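Positions are given from 1, in the same order as the sequence printed here. Keep in mind that this is a model prediction, so the values were computed, not measured.
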Amino acid sequence: MANQTFLHPDEIRTLFSTAMSQMYRTEVPQYGTLMELVADVNDTTLADDSELRETLTRNDELARLSVERHGAIRLGTAEELFNIRRVFAVMGMFPVGYYDLSVAGVPVHSTAFRPIDDACLRSNPFRVFTSLLRLELIEDEALRSEAGGILAARRIFTSRALELVDLFETKGGLTPGEAQEFVEEALETFRWHSKATVSLGTYDKLHDAHRLIADVVSFKGPHINHLTPRTLDIDAVQAGMPARGIVPKAVIEGPPRRKCAILLRQTSFKALEETIEFLAEDNDGREGTHTARFGEIEQRGIALTPEGRRLYDTLLSGVRADVRVGQGGANAGDYQSELAERFRAFPDEWSELRALGLAYFRYSATEQGLAARQDKRLPASVDELVQAGFLRFDPIVYEDFLPVSAAGIFQSNLGTDEQQNYGERSNRIEFEGALGAPVQDELALYAATEKRSLDLALAQLGDPHLAMMAIA
């Protein structure tokens with residue numbers, strides 16, 4: 001056994017994400033259309049923006065665009081969350097961040113499973129935004145009990161999938177054959193099922209409480225509800241969807257269009273209305289419809305520091321409080337205009353973002369800096385090295401999510417684009433207890449990435465005292 005060759009988790013992750021993309025393309029044909037649109041927009045953007053292409057190439061981030069996806073699932077029980085953590089660990093994906101979506105009236109809390117190592121992210125940054133239903137937020141006690149009973153009776157993983165997870169944990173890896181079998185078995189958890197596990201009457205009660213509750217409770221498993229490609233120009237994709245027969249949601253979630261993209265912007269097309277066969281009730285099996293699966297697109301910008309996030313949250317919450325987007329997209333234009341106006345207060349130059357400590361950057365020594373180290377007269381501070389052209393800084397991609405944006409996508413695909421605000425009812429301790437592990441702090445990961453890059457760059461410049469410097 002010691003001589004067995006294990007497949008690297010990066011390779012298993014790529015096998016799985018490729019298989020899921022193929023499955024979803026078959027299940028939701030518009031996903032294929034969306035992929036074609038995103039590819040066209042990305043090609044045009046890279047052809048028109050040589051500086052962006054150079055930055056992506058320099059940081060080895062160009063190749064990942066073609067494979068980059070994020071999916072989303074919604075789980076019903078603590079046991080399901082515990083085991084999905086184990087399943088994703090086989091693929092080198094770990095829980096990062098805690099998101100409380102109750103802030104927008106969605107009864108779930110979530111994390112994102114993703115790679116955390118720089119090299120693994122460059123290989124394939126596949127992510128799955130994973131939500132756990134909060135039964136305690138169902139006000140009707142009888143319905144809450146019924147939903148809990150239904151969820152307790154289901155098994156969303158095949159027995160063989162869990163056996164292979166046990167094998168991975170015991171041996172420390174899977175052979176190529178075992179990995180291929182694992183991918184096939186794990187994929188079953190995410191497959192769409194057109195047969196509900198409840199009657200239409202029960203579904204209607206769950207649906208009346210919240211559409212998302214019906215989606216989580218009424219089916220055999222947590223079907224993947226979207227698979228998201230990354231675009232370099234989300235506004236172009238939004239504008240191009242109607243010509244491809246796709247109806248976009250009314251507003252793009254997240255920050256406005258900027259010269260220096262920050263955090264995450266997301267849009268989507270409306271969820272499909274699909275025919276469902278419900279369990280017989282009084283010997284009368286009935287058909288109905290359910291909306292769950294949709295198409296989503298994202299554009300990723302730079303990761304922000306705690307100071308940057310505070311400014312972002314303040315500006316966004318102000319806009320959302322003052323301009324509400326109504327059902328069907330009413331006031332969408334006013335919302336976008338006000339968003340752009342308010343965000344004028346957020347610096348839009350890379351140099352200013354760095355100087356004010358609002359964002360995270362990846363540092364590297366320039367050719368000019370490497371040449372200058374020979375005379376041993378390098379400046380004595382990071383800022384002076386940057387100003388002299390000896391040290392370069394590039395944006396670190398934001399790899400995570402935004403709770404208000406995620407909730408906005410959920411809401412629009414549950415029947416409305418209305419921008420609602422609700423009181424926060426966070427319960428991170430309960431979530432991590434169910435997960436069986438703490439979630440990693442995404443800001444700490446970005447800070448560590450920045451520091452590693454700076455340490456390496458200063459060491460390459462060759463002056464010992466420079467290698468001891470840190471950003472003030």
Side-chain angles (χ1 to χ4, degrees), residues 8-11 13 50-65 68 92-94 96-97 114-125 127 260-263 300-309 347 349-400 440-472:
H8 194 281
D10 286 358
E11 297 177 272
R13 183 170 66 258
S50 58
E51 184 177 347
L52 174 61
R53 174 182 282 277
E54 181 183 341
T55 299
L56 292 174
T57 301
R58 181 168 59 243
N59 291 287
D60 198 17
E61 293 174 352
L62 191 59
R64 66 181 256 180
L65 278 177
E68 187 160 357
M93 300 164 66
F94 308 96
V96 178
R114 67 166 178 88
I116 56 176
D117 178 83
D118 283 352
C120 297
L121 285 165
R122 287 193 295 270
S123 172
N124 185 342
R127 319 166 185 86
C260 299
I262 59 173
L263 296 176
R300 292 187 172 272
I302 193 170
L304 299 183
T305 63
E307 293 80 4
R309 281 301 300 268
E349 296 288 345
W350 296 127
S351 57
E352 193 173 0
L353 289 171
R354 191 193 76 86
L356 294 174
L358 297 176
Y360 291 109
F361 291 89
R362 178 175 282 106
Y363 290 86
S364 58
T366 65
E367 291 184 6
Q368 183 182 354
L370 293 174
R373 70 181 178 180
Q374 301 301 325
D375 62 18
K376 297 183 180 181
R377 292 185 179 181
L378 290 171
S381 74
V382 171
D383 286 345
E384 289 174 328
L385 286 168
V386 169
Q387 291 166 6
F390 297 161
L391 197 60
R392 179 192 295 114
F393 58 95
D394 290 318
I396 293 177
V397 177
Y398 185 65
E399 305 286 356
D400 297 288
Q440 300 212 36
D441 181 346
E442 66 272 26
L443 297 181
L445 292 175
Y446 296 125
T449 296
E450 182 179 74
K451 185 177 187 305
R452 280 195 304 271
S453 72
L454 181 60
D455 288 346
L456 176 60
L458 295 179
Q460 288 175 335
L461 291 175
D463 193 328
H465 84 275
L466 285 176
M468 299 300 293
M469 289 193 307
I471 298 177

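Looking at residues two or more places apart in sequence or on another chain, you find a side-chain contact (heavy atoms from CB on, under 4.5 Å) between Leu456 and Gln460. Remark: Gln387 pairs with Asp383 by the side-chain contact (heavy atoms from CB on, under 4.5 Å) rule, at least two apart or across chains. Residues meeting the side-chain hydrogen bond (donor to acceptor under 3.5 Å, both in side chains) test with Glu68, sequence neighbours left out: Arg64, Arg127, Arg230. Not counting sequence neighbours, the partners of Phe393 by the ring-ring contact (aromatic ring centres under 6.0 Å, His included) test are Phe361. By the side-chain hydrogen bond (donor to acceptor under 3.5 Å, both in side chains) test, Arg392 is found to be paired with Ser364, residues two or more places apart in sequence or in another chain being considered. Residues satisfying the side-chain hydrogen bond (donor to acceptor under 3.5 Å, both in side chains) criterion with Thr305, sequence neighbours excluded, are Glu307.
With rounding to the nearest 0.5 angstrom, the CG atom of Asn124 is 13.0 Å from the CZ atom of Arg114. With values rounded to the nearest 0.5 angstrom, Asp118 atom CG is found 7.5 Å from Ile396 atom CD1. If you take CG on Leu52 and OG on Ser50, they are separated by 9.0 Å, rounding to the nearest 0.5 Å. Within the model, atoms CZ of Arg309 and CD of Glu442 stand 7.0 Å from one another, a figure rounded to the nearest 0.5 Å.
Tyr398 places none of its side-chain heavy atoms less than 4.5 Å from the side chain of Tyr360. Contact check for Tyr363 versus Leu385: no side-chain heavy atoms found under the 4.5 Å cut-off. Side-chain contact check for Glu61 versus Asp394: every heavy-atom pair is 4.5 Å or farther apart. Side-chain contact between Ile302 and Cys260 is absent, with no heavy-atom pair separated by less than 4.5 Å. Using a 4.5 Å heavy-atom threshold, the side chains of Val397 and Leu121 count as separate. Contact annotation: the side chain of Glu54 never approaches that of Thr57 to less than 4.5 Å [non-hydrogen atoms, C-beta and beyond]. Contact of the Glu399 side chain with the Val96 side chain is not registered, since no non-hydrogen atoms from C-beta on lie closer than 4.5 Å.
The shortest heavy-atom contact between Thr55 and Pro395 is CG2-CD, 4.4 Å. The shortest non-hydrogen separation linking Thr366 to Gly389 is OG1-O, 2.7 Å. The shortest non-hydrogen separation linking Pro9 to Gly92 is CB-N, 3.6 Å. When all heavy atoms of Ala365 and Leu461 are compared, the closest pair comes out as CB-CD2, 3.8 Å.
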Verdict with reasoning, Asp400 to Tyr446, per side-chain contact (heavy atoms from CB on, under 4.5 Å)
CA-CA 11 Å; Asp400 297 288; Tyr446 296 125; 2.5 Å; yes
What's the verdict on side-chain contact (heavy atoms from CB on, under 4.5 Å) for Leu358 and Ile262, showing C-alpha distance, side-chain angles and the deciding distance?
CA-CA 10 Å; Leu358 297 176; Ile262 59 173; over 6 Å; no
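Without hydrogens or angle criteria, Arg362 side chain to Asn59 main chain gives no donor-acceptor distance under 3.5 Å. Panel note: side chain Thr449, backbone Leu445; a donor-acceptor pair is recorded below 3.5 Å.
With respect to the salt-bridge test (charged N to carboxylate O, under 4.0 angstrom), the residues Asp10 and Arg13 qualify.
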